[in-house]
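All heavy atoms count here, side chains included; hydrogens, waters and symmetry mates do not. Throughout, residue positions are numbered sequentially from 1 according to the sequence presented. Quantities reported herein were computed from a predicted structural model and do not represent experimental measurements.
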Amino acid sequence: NPYTVHTNVYAQGKGNKEHQFYLWFNPTAAFHTYSIVSNPQRIIFLVDNSHIRVFQNSKAIGIPFPKSQPMRVYSSLWNADDWATQSWQVKTDRTKAPFTAFYRNYNANGCVKSSARSSCASGNSVNDQAWQTQELDSVGRNRLRWVQSKFMIYNYCTDLK
């Protein structure tokens with residue numbers, strides 16, 4: 001505690017695009033939904049259907065975007081390094097080990113690329129999915145601003161180091 005969600009985007013083998021957020025609820029009290037919507041225009045991160053981050057495709061101005069690479073999602077409990085513990089101000093109580101996370105109802109919906117072919121070729125029902133062009137409406141933009149103004153604790157864009 002405080003519980004932190006760490007997001008990052010990797011493109012062309014490089015990350016360093018982190019955003020971190022405190023959660024506005026206790027994630028250990030009940031199951032919550034963590035979602036990532038990735039399409040050619042943007043990557044949207046959501047917690048319980050609330051937008052917390054949008055990474056726009058700005059490849060036209062030279063910012064790498066993971067458009068052609070396979071996507072991987074990692075979810076885990078992280079170690080207690082300085083970035084995860086407010087520079088070691090929050091002490092990890094090792095007597096409470098082992099630390100565990102539980103997942104249920106995992107669902108992945110997307111295009112599967114194998115060799116040079118994609119399962120999202122025309123005529124595929126996945127091709128008609130709304131996620132491929134999903135963007136934020138006014139409610140989503142307002143929620144995003146609220147989360148980022150109240151709960152964002154790290155933004156790589158403002159880190160002068």
Does any non-hydrogen side-chain atom of [Y] lie less than 4.5 Å from one of [X]?
X    : Y    : answer
M152 : Q20  : no
Y22  : K150 : no
L136 : V54  : yes
V9   : F45  : yes
H51  : I44  : yes
F31  : R104 : yes
Y3   : N26  : yes
E135 : Q41  : no

Does the pair D48 and S50 meet the rule for a side chain to side chain donor-acceptor pair (under 3.5 Å), with working shown? CA-CA 5 Å; D48 290 338; S50 288; over 6 Å; no
Are I52 and V5 close enough, and set up right, to give a side-chain contact (heavy atoms from CB on, under 4.5 Å), and what steps lead you there? CA-CA 10 Å; I52 65 168; V5 169; 4.2 Å; yes
Return yes if a side-chain donor-acceptor contact under 3.5 Å exists between H19 and R53, otherwise no.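 Yes, side-chain donor-acceptor contact under 3.5 Å.
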Working to the nearest 0.5 Å, report the span between [atom1] of [X] and [atom2] of [Y].
X    : Y    : atom1 : atom2 : answer
F55  : I63  : CZ    : CD1   : 6.5 Å
Y154 : T7   : OH    : OG1   : 11.0 Å
L46  : N49  : CG    : CG    : 6.5 Å
Y34  : Y103 : OH    : OH    : 9.5 Å

Would you call the rings of W24 and F151 parallel, tilted or perpendicular, where under 30° means parallel and over 60° means perpendicular?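 Ring orientation, 0 to 90° scale: tilted.
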For a quick test of reading the model, state the closest non-hydrogen atom pair linking [X] to [Y] and the distance between them.
X    : Y    : result
Y156 : N16  : CD1-O, 3.4 Å
K17  : P64  : CE-O, 4.4 Å
F21  : I153 : N-CG1, 4.1 Å
I43  : S38  : CG1-OG, 3.7 Å

Is it true that F65 and Y10 fall in one hydrophobic cluster, defined by side-chain heavy atoms closer than 4.5 Å?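 Hydrophobic grouping puts F65 apart from Y10.
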Look at the side chain of N57 and the backbone N and O of R42, then say whether any donor-acceptor pair between them is shorter than 3.5 Å.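 Such a contact is absent between N57 side chain and R42 backbone.
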